[in-house]
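A quick write-up on the structure given underneath.
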Amino acid sequence: MRALLQLLRTGRGWRVGGPAAARLPQAASAGSGPRRAMALYRTEERGQLHSQDYRIFFKNVAGHYISPFHDIPLKVDSKKEENGIPTKKARNDESENLFNMVVEIPRWTNAKMEIATQEPLNPIKQDVKDGKPRFTANIFPYKGYIWNYGALPQTWEDPHQKDKSTNCCGDNDPIDVCEIGSKVLSPGEVIHVKILGILALIDEGETDWKLIAINANDPEASKFHDIDDVRKFKPGYLEATINWLTYYKVPEGKPENKFAFNGEFKNKAFALEIIKSTHECWKAMLMKKCDRGAINCTNVQVCGSPFHCTPEKARSLVESVLTSSSNKESNIDGIVCFVS
């Protein structure tokens, strides 16, 4: 009966491994380029895609549930980190500029997927508007999002702290990333990115930074070092980014978005300072030194945090979410399904 209920709930059962885990790379030989981050994480889909109960949970290499917001290190070189907090200076500029990115929305798609910052262990879910899963409108001449869109873990744009550059408070989310590489990625993938620059979107009076980055494993990644390289090797992409971000909420009845610095893209050095600042805000939140509001800070790997929990507790939190979802959907088309 339990298996029948699962099939009735999803139409296809629960898929363990999810879209990202299905793309785990083969073991790389020595000298094959940057270490592929996805080998360290796998995902687990629960619920039916494009439903309000759909979730993508994350697990580490040991098979323990983790938070993609709090437990995945910001920097790639995690061996030099203590509880996700860098402890030593990286050896060179290249390693200093390698960050983990959690992919939420693949390029050319419309479903507004996002890290659920207010839920235990922060799975990826689809945003909801007017009681229905949210889809972003197509902005002519584009189809869906024009980059792989996601966020840097262990960053937070504090809604109570004014950004000294924009004079506006943060938007209460991890810092966003627009990844411009050639590959279309999947929700839940964790990739290494090189930061190239940043744009300051002002969304309803809040600072909503947009990092411009490229997958470190992209075939052309070696050509990109700063924002001017995007203009050189991908002409028109930055202009398209401004256009898309300006108008994407207009079909929902909202006004055009505005930008700080008259829409000027800032360079890599500026972007790295913003990342550093948002990482400091995240650390303050995880150490209970500021008002986090409704943000859920439960984590498995930041051992000094008062929100730290055991892997067993994390599993119980996930299972409690699933049980709640099962109870909500136990009456399907008037037929009551009992779980034995």
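None of these values were measured; they are calculated from a predicted model.
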For this session: Might you work through the side chain to side chain donor-acceptor pair (under 3.5 Å) test for N60 and Q301, ending with a clear yes or no?
Result: CA-CA 10 Å; N60 62 15; Q301 297 182 182; 3.0 Å; yes
Exercise. Does a donor on one side chain sit under 3.5 Å from an acceptor on the other, for H70 and Q154?
Worked result: no
Exercise. Okay, side chain of R107, backbone of G181: is any donor-acceptor separation there less than 3.5 Å?
Worked result: yes
Exercise. Do any N or O atoms from the side chain of N97 and from the backbone of I195 form a donor-acceptor pair under 3.5 angstrom?
Worked result: yes
Problem set entry | Contact summary for V184 and P106, nearest pair of heavy atoms | CG1-CB, 4.0 Å
Exercise. Looking only at heavy atoms, what is the nearest atom pair of A216 and L98, with distance?
Worked result: CB-CD2, 3.6 Å
Exercise. For Q126, which of H50, Q52, K112 qualifies under side-chain hydrogen bond (donor to acceptor under 3.5 Å, both in side chains)?
Worked result: H50
Exercise. With side chains defined as the heavy atoms from C-beta onward, is the minimum distance between I202 and N257 less than 4.5 Å?
Worked result: no
Exercise. Which pairs count as salt bridge (charged side-chain N to carboxylate O under 4.0 Å, His left out) when at least one residue sits in residues 121-143, sequence neighbours excluded?
Worked result: E119-K125, D127-R134, K129-E252, R134-E252
For this session: Indicate yes or no for a side-chain donor-acceptor contact from K194 to the backbone of A213 under 3.5 Å, with no hydrogens or angles considered.
Result: no
Exercise. With a 3.5 Å cut-off and no angle check, do the side chains of D218 and S182 form a donor-acceptor pair?
Worked result: yes
Problem set entry | Candidate pair W147 and I105, rule side-chain contact (heavy atoms from CB on, under 4.5 Å), full reasoning | CA-CA 8 Å; W147 344 260; I105 307 171; over 6 Å; no
Problem set entry | K288, NZ: over 12 other non-hydrogen atoms inside 6.0 angstrom | no
Exercise. Is there a donor-acceptor pair under 3.5 Å between the side chain of S277 and the backbone N or O of I274?
Worked result: no
Exercise. Does NZ or CZ of K75 come closer than 6.0 Å to the centre of the six-membered ring of F99, within 45° of the ring's axis?
Worked result: yes
Exercise. With distance as the sole test, does H225 use its side chain to make a donor-acceptor pair with the main-chain N or O of S222 at under 3.5 Å?
Worked result: yes
Problem set entry | Side-chain donor or acceptor of Y142 paired with backbone N/O of W108 under 3.5 Å | no
Seminar exercise, completed: Between L152 and L211 the two heavy atoms that sit nearest each other are CD1-CD1, 3.5 Å
For this session: Could you verify whether a donor N or O on one side chain and an acceptor N or O on the other, from E189 and Y41, lie under 3.5 Å apart?
Result: no
Problem set entry | Carboxylate-amine/guanidinium contact K232 D229, below 4.0 Å | no
Problem set entry | Student check: side-chain heavy atoms of V250 and E256 closer than 4.5 Å | yes
Seminar exercise, completed: For P68 and L121 the tightest heavy-atom approach is CD-O, 3.3 Å
Exercise. Under the side-chain contact (heavy atoms from CB on, under 4.5 Å) criterion, do N299 and F69 qualify, and how do the steps go?
Worked result: CA-CA 9 Å; N299 66 84; F69 188 2; over 6 Å; no
Problem set entry | Q118: side chain to side chain donor-acceptor pair (under 3.5 Å) partners, not counting sequence neighbours | none
Exercise. Any side-chain donor-acceptor pair under 3.5 Å between N296 and T298?
Worked result: yes
Problem set entry | Residue pairs, two or more places apart or on separate chains, that pass salt bridge (charged side-chain N to carboxylate O under 4.0 Å, His left out) and touch residues 271-280 | E280-K283
Problem set entry | Residues W282 and D158: side-chain donor-acceptor under 3.5 angstrom | no
For this session: Compare all side-chain heavy atoms of E44 with those of Y65 and state whether any distance is below 4.5 angstrom.
Result: yes
Problem set entry | Carboxylate-amine/guanidinium contact K223 E220, below 4.0 Å | yes
Exercise. What pair of heavy atoms forms the shortest contact from T117 to P174, and how long is it?
Worked result: CG2-CD, 4.0 Å
Problem set entry | Residues T207 and D163: side-chain donor-acceptor under 3.5 angstrom | no
Exercise. Is it true that a side-chain atom of T109 and a backbone atom of A111 form a donor plus acceptor pair closer than 3.5 Å?
Worked result: no
Exercise. Does D171 use its side chain to pair, donor to acceptor, with the backbone of E206 at less than 3.5 Å?
Worked result: no
Exercise. What about the rings of F224 and F233, do their centers lie closer together than 6.0 Å?
Worked result: yes
Exercise. Can a donor-acceptor pair be found between the side chains of Y149 and D176 at a distance below 3.5 Å?
Worked result: yes
Exercise. How about H160 and C290: do any of their side-chain heavy atoms sit closer than 4.5 Å?
Worked result: no
Exercise. Between S305 (side chain) and L286 (backbone), is there a donor-acceptor pair under 3.5 Å?
Worked result: yes
Problem set entry | Y145 and W244 aromatic ring geometry - parallel, tilted or perpendicular at 30°/60° bounds | tilted
Exercise. When you check the side-chain N and O atoms of Y54 and E45, is any donor under 3.5 Å from an acceptor?
Worked result: yes
For this session: Taking the side chain as every heavy atom from C-beta outward, state whether F261 and S165 have any pair of such atoms under 4.5 Å apart.
Result: yes
Exercise. Should L185 and N215 count as side-chain neighbours, where that means a heavy-atom distance under 4.5 Å?
Worked result: yes
For this session: Establish, from distance only, whether the side-chain atoms of N110 and N138 form a donor-acceptor pair under 3.5 Å.
Result: yes
Problem set entry | P73 backbone acceptor or donor facing N100 side chain under 3.5 Å | yes
Exercise. Can you find a heavy atom in the side chain of I175 that is under 4.5 Å from one in the side chain of I198?
Worked result: yes
Exercise. Should D173 and I115 count as side-chain neighbours, where that means a heavy-atom distance under 4.5 Å?
Worked result: no
